[in-house]
Chemist: 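For reference, the structure I am asking about is given below.
If you read the sequence from its start, that first residue is 1, and numbering goes on from there.
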Amino acid sequence: MPFAQLVIGPPGAGKSTYCNGMHQFLGAIGRKCSIVNLDPANDKTSYPCALDVRDLVTLEEIMTEDQLGPNGGVLYALEELEENFDWLEEGLKALGDDYIIFDCPGQVEIFTHHSSLRNIFFKIQKAGYRLIVLHLIDSYNLTLPSMYISSLILCLRAMLQMDLPHLNVLTKMDNLSNYTPLPFNLDFYTEVQDLSYLLPHLESESSRLSHEKFGPLNNAIIDLIEEFGLVGFETLAVEDKKSMMNLLRVIDRASGYVFGPAEGANDSVWQMAVREGMGQMDIRDVQERWIDAKEEYDELERRQLEEEAKRLEEEAKRHQQAAAGQAGDDDDDDDEDDDDFGPNARIPDGGVKVIRKNPQP
C-alpha cells in the first residue's frame, strides 16, 4: 500500500521548499519518492516533478478563456481536475509504490470550505493510498497574538474540512530569532494550552482600535479553539537534518508508515534510525537550538563542517598519493619490459657458445 503526504498551507508558508527538501531527504535515506504538483499556477517548480497538473490545465488558460481572477481560476482548475480524475489516477499508477508528496495550491479557501480538493483527496485514498495532510504555517505568525490566533482558526477549519490524518507544522524556525522576542516559550505555542494568557497581549495589540466588543470576541474565539482541542504544532527548519528527521519520524507514526512500509528492505536504514530513537527532538531542544542559543549552535555546526571538509580533503590527498605511487610502480615495470624491444633491445642468451677463428692471411 503506497503512502502520500498532502502539503497544504497559505502562500509563503514554504510548501514548495518543503517538498524539495523532503524529496532530497527521502532520497538520502533510501526511500523512493515522487512529487506531484497540484498547483496550476506553479510554472517553475524547484523540484523534479513526476506529475504536473499543468499538463492537464493551466491557470493562464483559465484566466484568459473564462475571464476569471487568480483565486477563481485555481478553484476552477481543481474542479476540472476533479472531473478528470482519471488523468491523475493513470499518472499515479505509473509511479507504482513510490512515496508521493502532493504540492497543493496556497489559496486557503480550497482547504477551508471549497470541496474539490477534499474530494480529490478522498478519491486518492480510495485508490489505495494512505494519506496524511501537512498544514504548513510560517513561524512568523507567532510574533503577533492576533496572527497566531488566526492561524489556529485556519488550522482548525482545515482539520474539520479535510477529515484526514493531519499535522500542523510551524516552518522557518531558523528565522524565528530574527523577529521580536516571544512573550512565552515555544511549547506554549506548539501545545496550544490555556490561551487565556494571550488575552492581555491581544488587548494591548488592538489598543488603537479598542472597542468594548473586542474582549468578548477574543474570549469566544479562545473558548472555541480550546473546546475542540484538536490543534497542535510540530516544528521544522527545512535545511536542518535533525529537524527534518524529527518531522519525518512524526509523519511516519501518524500515517502508519512506520508500522508497514511498502518498500520493505529498501527502507532498512531509516527503520534502524527509528529503532535507535535517532532524530527525536523535544520542543525544549528546538527552543534552545533556534531561539535561546542559536548563535552558539551555528558556530558549533560551522566548526564541525570545517573539520569534516578538512577530513575529506586529507582523504582525497591520500587517495591521490596512493594512486600516484601505483602509477609509478606500473611505469617502472613498463621500462623494464621496453628493454626487450626496439633497436637497443638485449638479445637473450640462447646457450650456444660461438668461437671465432682468426682470418687467413
Side-chain angles (χ1 to χ4, degrees), residues 8-15 18 106-109 111-113 134-161 166-238 240 243 246-247 250 281-298:
I8 64 174
K15 296 185 296 297
Y18 167 80
Q107 283 75 7
V108 297
E109 54 266 33
F111 50 84
T112 56
H113 63 271
L134 260 67
H135 191 168
L136 306 187
I137 298 291
D138 192 338
S139 60
Y140 178 73
N141 290 278
L142 304 184
T143 59
L144 283 177
S146 59
M147 291 196 301
Y148 175 62
I149 294 295
S150 299
S151 299
L152 292 177
I153 296 174
L154 178 62
C155 292
L156 177 60
R157 186 66 189 93
M159 294 177 78
L160 298 175
Q161 171 75 5
H166 199 110
L167 286 176
N168 302 304
V169 182
L170 293 171
T171 60
K172 306 179 185 179
M173 295 301 297
D174 48 334
N175 292 334
L176 199 55
S177 62
N178 299 327
Y179 307 139
T180 304
L182 301 177
F184 305 102
N185 285 338
L186 200 56
D187 57 351
F188 174 84
Y189 299 94
T190 57
E191 296 176 5
V192 193
Q193 295 181 358
D194 206 352
L195 296 176
S196 61
Y197 285 103
L198 279 178
L199 289 174
H201 300 276
L202 286 169
E203 293 175 0
S204 62
E205 181 186 345
S206 59
S207 58
R208 293 174 298 172
L209 303 174
S210 59
H211 192 279
E212 60 181 6
K213 293 184 179 179
F214 277 163
L217 177 60
N218 291 335
N219 276 296
I221 293 175
I222 286 176
D223 290 342
L224 175 67
I225 296 171
E226 291 182 342
E227 182 178 355
F228 276 95
L230 295 176
V231 184
F233 291 101
E234 300 296 330
T235 60
L236 173 66
V238 73
D240 184 70
S243 182
N246 179 66
L247 180 60
V250 175
M281 294 180 66
D282 187 83
I283 191 62
R284 292 168 294 184
D285 299 328
V286 180
Q287 169 90 24
E288 182 179 7
R289 172 62 182 92
W290 299 115
I291 299 178
D292 295 340
K294 182 178 184 298
E295 295 181 358
E296 290 81 352
Y297 274 93
D298 289 344

Chemist: Is the F184-H201 ring centre distance short of 6.0 angstrom?
Modeler: yes
Chemist: Output the distance between atom CD (E226) and atom CG (L152), rounded to the nearest 0.5 Å.
Modeler: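 E226 CD to L152 CG: 10.0 Å, rounded to 0.5 Å.
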Chemist: Do you know which two heavy atoms are closest between T171 and S139, and how far apart they sit?
Modeler: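 For T171 versus S139, the nearest heavy atoms are O-OG, 2.9 Å.
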Chemist: What's the spacing between E296 CD and E288 CD if we round to 0.5 Å?
Modeler: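 Reported value, rounded in 0.5 Å steps: 9.0 Å.
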Chemist: Please walk me through it: do N168 and H135 pass side chain to side chain contact (heavy atoms under 4.5 Å, CB included)?
Modeler: CA-CA 5 Å; N168 302 304; H135 191 168; 3.4 Å; yes
Chemist: Surrounding OH of Y197 (heavy atoms of other residues, nucleotides or ligands, distance under 6.0 Å), is the total greater than 12?
Modeler: no
Chemist: Would you please indicate yes or no on a ring centroid separation below 6.0 angstrom for Y189 and F233?
Modeler: no
Chemist: Kindly indicate whether the side chain of L154, heavy atoms from C-beta on, has any atom under 4.5 Å from the side chain of F111.
Modeler: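 Heavy-atom side-chain distance check passes, below 4.5 Å.
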Chemist: Of V286, L236, T190, which is the lone residue that meets side-chain contact (heavy atoms from CB on, under 4.5 Å) with L170?
Modeler: T190
Chemist: Does L167 offer a backbone N or O that forms a donor-acceptor pair with the side chain of E234 under 3.5 Å?
Modeler: no
Chemist: Take atom CZ in F188; do more than 12 heavy atoms of anything else shown fall under 6.0 Å from it?
Modeler: yes
Chemist: Between S196 and I222, which heavy-atom pair has the shortest distance, and what is it?
Modeler: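 Shortest heavy-atom contact: N-CG2, 4.2 Å.
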Chemist: Can you spot which of N141, I137, L142, L202 makes a side-chain contact (heavy atoms from CB on, under 4.5 Å) with Y148?
Modeler: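 When side-chain contact (heavy atoms from CB on, under 4.5 Å) is applied between Y148 and each of N141, I137, L142, L202, only L142 qualifies.
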Chemist: So that I can tick it off, tell me whether D298 and K294 are bridged by a salt bridge, with the cut-off set at under 4.0 angstrom between side-chain N and carboxylate O.
Modeler: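 Salt bridge between K294 and D298, a charged N being under 4.0 Å from a carboxylate O: yes.
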Chemist: Might you point out which heavy atoms bring G106 and P11 nearest each other, and give the distance in Å?
Modeler: O-CD, 3.1 Å
Chemist: Would the distance check show the side chain of T180 and the main-chain N or O of T143 forming a donor-acceptor pair, the cut-off being under 3.5 Å?
Modeler: no
Chemist: Of all heavy-atom pairs between G12 and K172, which one has the smallest distance, and what is that distance?
Modeler: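 Closest heavy-atom pair between G12 and K172: O-NZ, 2.6 Å.
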Chemist: Report the distance from atom CD1 of I149 to atom CG of L198, rounding to the nearest 0.5 Å.
Modeler: 5.5 Å
Chemist: Within the distance-only criterion (no hydrogens, no angle test), does the side chain of S177 pair as donor or acceptor with the backbone N or O of I291 below 3.5 angstrom?
Modeler: no
Chemist: Please round to the nearest 0.5 Å and tell me the distance separating atom OG1 of T112 and atom CD of Q107.
Modeler: 11.0 Å
Chemist: Check for a donor-acceptor pair, side chain of N246 on one end and backbone N or O of S243 on the other, with a separation under 3.5 Å.
Modeler: no
Chemist: Would you say the side chain of L176 lies within less than 4.5 Å of the side chain of W290, judging by non-hydrogen atoms?
Modeler: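 Side chain of W290 against side chain of L176, heavy atoms only: no contact under 4.5 Å found.
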Chemist: So do I221 and L195 actually touch side chain to side chain, heavy atoms under 4.5 Å?
Modeler: no
Chemist: Going by heavy atoms in the side chains, are D292 and Q287 under 4.5 Å from each other?
Modeler: yes
Chemist: Does CZ belonging to R284 count more than 12 external heavy atoms closer than 6.0 Å?
Modeler: no
Chemist: Do the non-hydrogen side-chain atoms of M173 and L186 ever get within less than 4.5 Å of each other?
Modeler: yes
Chemist: Within the structure provided, determine whether M159 and F228 are in side-chain contact (heavy-atom separation under 4.5 Å).
Modeler: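 In short, these two side chains do not touch, never coming nearer than 4.5 Å.
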Chemist: With distance as the sole test, does K15 use its side chain to make a donor-acceptor pair with the main-chain N or O of G9 at under 3.5 Å?
Modeler: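 Checking the backbone N and O of G9 against the side chain of K15, a donor-acceptor pair under 3.5 Å is found.
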Chemist: Taking the side chain as every heavy atom from C-beta outward, state whether L136 and Y18 have any pair of such atoms under 4.5 Å apart.
Modeler: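 When only atoms from C-beta onward are counted, Y18 and L136 do touch, with a gap below 4.5 Å.
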Chemist: Measuring only between side-chain heavy atoms, which start at C-beta, is D285 closer than 4.5 Å to R289?
Modeler: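 Side chain of D285 against side chain of R289, heavy atoms only: no contact under 4.5 Å found.
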